[in-house]
Amino acid sequence: LPKLTQKYYLNFYGGEPLLSFDIIKKTVSFLKTKNKELHKRAHFTITTNGSLLSEEMISFFNKNRFSMVLSFDGLVHNRQRKKGSSGRIVGFIKELIRNSNIDLEINSTFTPTTVERLAESIKFIIDLNVSNIRLSLSTMKIWDQASLEMLRKEMAKLRKVIINHFRIYGTIPVVNFREFLSKRIFYCAAGKDRLALTPDGDIWGCYLFPEYLIKQENSEEYNKFYFGDLNTFKKDYEHIYPKKYLNYAQLSVDNFSTKSMKCFLCYEMENCAPLCPVNAAFSRHRLGHIPKYVCEIQKIKIKEKEVLWEEIGHVKKSSYYHHHELS
Ligand code: SF4
């Protein structure tokens, strides 16, 4: 691509990318040679559920300075993934932290049926010494009022866990809470800062699109977001890219709406991030339409983050006064 900067990011996503470990190895080796020729630098990331992870793979990722996003749902892992896989993943997490330089992020996903163990699950992961945990709430299944209420309670409990951690270590291990409250309008990176190549050789703005538009080859939406197959795109990207880009450019929160209102009229619009339109659309909604329960989830997250930062302000102040009283 003509506008690649000196440094670029290559993420291997799934399904499960470790099923194609040989292809990953070949790609990395090919790019190392190419990067030298073109004076580029690649930063590699692998997003994996860890089920196929081995010592050999860890050593390869370590040697090639990979970042890793590993799915692990703490105490509910065995309930929503392969039975008995939790112990193995915990072993790998310990190994990665102790014996590698891999920049590790744990992605923990909760659903309406597992949300009741959210806070203790994240605490369990924090206690494994993980310093980057991303909390994901699956929006594939509808969250009813009872599960939203449970989410409220669990998020408040989690906030206390994080504050306690902050008091002792001065860090916030859950990345969703970490970004300071900077107001900005969220836009989806798909097609703008990001392109995805599928195993079949198709180009999309993000790896979620082919999953979302599966078996809809003749639909208008498919055509709006599909960049074409790799060979066609390579030959004609100067024409194809700007046209498709315009469709991806619409995917920002000010263009979204719930059933009852346009998001640009919402007082939380500038705090409402990240809000993945494709994830929201998976629950049979159209792209850009935010289901009511997703909107509620966003509001719960916004509120908890605000309260957390308020409380952290108090912790900082009291430690400042404490320090000055002592000195
Ligand atoms: S909180 Fe709801 S209505 Fe407000 S911007 Fe977010 S999704 Fe839209």
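Any value given below was found using the heavy atoms of this structure, including those in side chains, with hydrogens, waters and symmetry copies removed. Read the numbers this way: they start at 1 and go in the same order the structure lists the ligands and their atoms.
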* Anything under 30° is parallel, anything over 60° is perpendicular, the rest tilted; go ahead and classify Tyr248 against Phe225. => perpendicular
* Please check if any side-chain donor atom of Ser67 sits under 3.5 Å from a side-chain acceptor atom of His43, or the reverse. => yes
* To do: Examine the side chains of Glu16 and Ser51 and answer whether a donor and an acceptor come within less than 3.5 Å of each other.
  => no
* To do: For Lys32, enumerate each residue passing the side chain to side chain contact (heavy atoms under 4.5 Å, CB included) test, keeping only those at least two apart in sequence or located in another chain.
  => Val28, Asn64
* Asked: Which residues and atoms, counting only protein N, O or S, are under 2.8 Å from atom 4 (Fe) of ligand 1?
  -> Cys266 SG
* Asked: Any side-chain donor-acceptor pair under 3.5 Å between Tyr169 and Asn164?
  -> no
* **With Leu137, the side-chain contact (heavy atoms from CB on, under 4.5 Å) member among Thr109, Thr111, Leu118** => Leu118
